[in-house]
S.K.: 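Quick one: structure below, then a few questions.
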Amino acid sequence: MKNELENFTATKAASTVVNQTGEKNVHVDYAKNVTQQIILNFPYVQQLPGGMLKPTSRKINQNFYNLFVIGGEIFEQNHFVISSERSLCRGYSSEDLRNQYASLSAQAIQEIKTFPSLFMPEADNYNAKAGDEQQAIFGFVDDVRKQDNGIKIKCQLVWPIPMQQISDIGFNLGMKDMDRAITEMNHTHWAIKRINLIEELTDANISLMGLNQ
């Protein structure tokens with residue numbers, strides 16, 4: 001991974017205390033009994049050239065999340081290309097979500113950009129068992145572009161998460177088992193899941209506020 005990403009660490013915490021200063025701060029906390037039928041403003045950190053960090057915000061829809069499993073290293077740049085055949089294909093996304101988003105119309109892309117996202121390499125071992133050094137990244141999709149060589153995804157990589165922690169809660173995140181001990185985490189693809197990613201990570205004590213600057 002590039003040096004500028006090594007400053008980000010994911011930490012476990014039973015509870016989080018946030019002290020905010022300045023104007024127009026936004027804090028999203030976990031509320032177990034809230035029905036997620038709204039779009040919220042969520043603060044995140046944008047990485048600028050030279051390693052500088054810029055606080056910003058975007059509207060997100062917590063009802064869904066994007067799952068990107070990519071063969072090879074994806075964290076050295078802010079974009080990658082995934083084949084059209086592996087994008088929102090049958091088996092990983094429900095049929096109604098495929099019908100709504102697989103066309104990648106302008107409206108579909110705008111909605112996809114509001115979903116939280118997990119970006120990760122294929123798990124090193126079968127049964128979704130990640131290697132000790134493998135990391136998933138929580139982030140957002142900045143753009144989706146159809147190309148002759150596949151679908152180009154531009155992304156904001158925000159918080160790293162040890163990938164073994166994702167393996168432990170794969171069922172809660174809607175990841176499916178496949179034949180011969182190969183799971184969804186072992187298979188390059190892009191899926192959309194009707195699951196509240198932030199809530200599931202919070203329930204598993206996986207912190208998204210563990211920024212170490």
Side-chain angles (χ1 to χ4, degrees), residues 1-13 16 28 30 42 44-47 58 60-62 64-82 86-88 92-93 112-142 144 151 153-178 181-212:
M1 297 179 68
K2 282 189 173 180
N3 291 334
E4 60 266 29
L5 286 179
E6 294 176 356
N7 292 327
F8 294 96
T9 58
T11 60
K12 290 187 177 182
T16 303
V28 177
Y30 169 58
F42 189 81
Y44 75 112
V45 175
Q46 178 182 11
Q47 189 163 328
R58 69 163 71 211
I60 70 168
N61 184 344
Q62 294 191 66
F64 310 94
Y65 82 94
N66 294 297
L67 172 64
F68 294 95
V69 181
I70 309 298
E73 181 61 63
I74 66 170
F75 305 133
E76 293 188 356
Q77 51 193 357
N78 67 348
H79 65 270
F80 57 91
V81 175
I82 186 168
R86 299 283 183 109
S87 299
L88 304 180
Y92 303 118
S93 305
I112 287 168
K113 289 161 63 176
T114 70
F115 304 157
S117 300
L118 272 182
F119 304 91
M120 66 180 73
E122 290 182 346
D124 281 345
N125 306 305
Y126 290 139
N127 295 309
K129 300 300 182 184
D132 292 341
E133 302 301 320
Q134 287 193 289
Q135 287 191 323
I137 302 286
F138 174 90
F140 301 94
V141 171
D142 274 348
V144 180
I151 308 298
I153 306 293
K154 296 189 68 176
C155 54
Q156 277 289 340
L157 304 177
V158 181
W159 287 289
I161 302 169
M163 199 164 150
Q164 290 180 342
Q165 295 183 7
I166 301 300
S167 297
D168 291 341
I169 61 170
F171 178 80
N172 295 340
L173 296 179
M175 298 183 195
K176 298 180 179 180
D177 292 330
M178 297 167 60
I182 299 175
T183 73
E184 197 165 345
M185 287 180 66
N186 298 112
H187 187 73
T188 292
H189 70 291
W190 167 24
I192 294 177
K193 307 291 187 179
R194 185 181 282 103
I195 287 176
N196 187 327
L197 174 64
I198 294 173
E199 180 178 78
E200 294 299 335
L201 295 177
T202 302
D203 284 351
N205 290 326
I206 299 173
S207 174
L208 295 180
M209 304 303 290
L211 289 177
N212 178 13

S.K.: Do the side chains of I70 and M120 get nearer than 4.5 Å, heavy atoms only?
M.R.: no
S.K.: Has R194 got a side-chain atom pairing as donor or acceptor with F64's backbone, closer than 3.5 angstrom?
M.R.: no
S.K.: Can you tell me how far the CD1 atom of I82 sits from the OG atom of S87, to the nearest 0.5 Å?
M.R.: 4.5 Å
S.K.: Which residues satisfy the salt bridge (Lys or Arg N to Asp or Glu O under 4.0 Å) test with K113, sequence neighbours excluded?
M.R.: none
S.K.: Any carboxylate oxygen within less than 4.0 angstrom of a Lys/Arg side-chain nitrogen, looking at E184 and K193?
M.R.: yes
S.K.: Could you go step by step and tell me if L173 and L197 meet the side chain to side chain contact (heavy atoms under 4.5 Å, CB included) rule?
M.R.: CA-CA 7 Å; L173 296 179; L197 174 64; 3.7 Å; yes
S.K.: Compare all side-chain heavy atoms of S117 with those of Y65 and state whether any distance is below 4.5 angstrom.
M.R.: no
S.K.: Within a strict 4.5 Å, meaning less than it, do heavy atoms of the I112 and I192 side chains meet?
M.R.: yes
S.K.: Mind checking the CG-CD1 spacing from D142 to I153? Nearest 0.5 Å is all I need.
M.R.: 10.5 Å
S.K.: Any chance you could measure Q135, atom CD, to L157, atom CG, to the nearest 0.5 Å?
M.R.: 11.0 Å
S.K.: Would you mind reporting whether M175 and L67 have side-chain heavy atoms less than 4.5 Å apart?
M.R.: yes
S.K.: If we count only N and O atoms by modelled type, under 3.5 Å, do the side chains of H187 and E122 hold a donor and an acceptor together?
M.R.: no
S.K.: Identify the heavy atoms of P116 and I60 that sit nearest to each other, and give their distance.
M.R.: CG-CD1, 4.1 Å
S.K.: Among side-chain atoms of T114 and N61, is any donor-acceptor pair under 3.5 angstrom?
M.R.: no
S.K.: Give a yes or no answer on whether the side chain of N127 reaches the backbone of K129 with a donor-acceptor pair at less than 3.5 Å.
M.R.: no
S.K.: Please state whether the rings of F68 and F80 are parallel, tilted or perpendicular, taking 30° and 60° as the class boundaries.
M.R.: perpendicular
S.K.: Just verifying a value: how many Å separate L201 CG and W159 CH2, rounded to the nearest 0.5 Å?
M.R.: 11.0 Å
S.K.: Between S167 and M185, is the side chain to side chain contact (heavy atoms under 4.5 Å, CB included) condition met? List the steps.
M.R.: CA-CA 8 Å; S167 297; M185 287 180 66; 3.5 Å; yes
S.K.: Given the rule in the side chain to side chain contact (heavy atoms under 4.5 Å, CB included) test, do W190 and I151 qualify, once you have shown the distances and angles that lead to the verdict?
M.R.: CA-CA 10 Å; W190 167 24; I151 308 298; 4.2 Å; yes
S.K.: Is the closest side-chain heavy-atom distance between D203 and I169 below 4.5 Å?
M.R.: no
S.K.: With a 4.5 Å cut-off on side-chain heavy atoms, are N186 and N125 touching?
M.R.: no
S.K.: With rounding to the nearest 0.5 angstrom, report the OG1 to CZ distance, T188 to R86.
M.R.: 5.5 Å
S.K.: Do M163 and P121 make a side-chain contact, defined as non-hydrogen atoms from C-beta onward lying under 4.5 Å apart?
M.R.: yes
S.K.: Ignoring hydrogens and angles, state whether a donor on the side chain of D132 or Q164 is under 3.5 Å from an acceptor on the partner side chain.
M.R.: yes
S.K.: Go through it in stages, so that I can follow the logic: the residues are C155 and V141, the test is side chain to side chain contact (heavy atoms under 4.5 Å, CB included), and I'd like the CA-CA distance, side-chain angles, deciding distance and then a yes or no.
M.R.: CA-CA 4 Å; C155 54; V141 171; 5.6 Å; no
S.K.: Please check: side-chain N/O of Q165 versus main-chain N/O of P162, any donor-acceptor pairing under 3.5 Å?
M.R.: no
S.K.: So do V158 and I137 actually touch side chain to side chain, heavy atoms under 4.5 Å?
M.R.: no
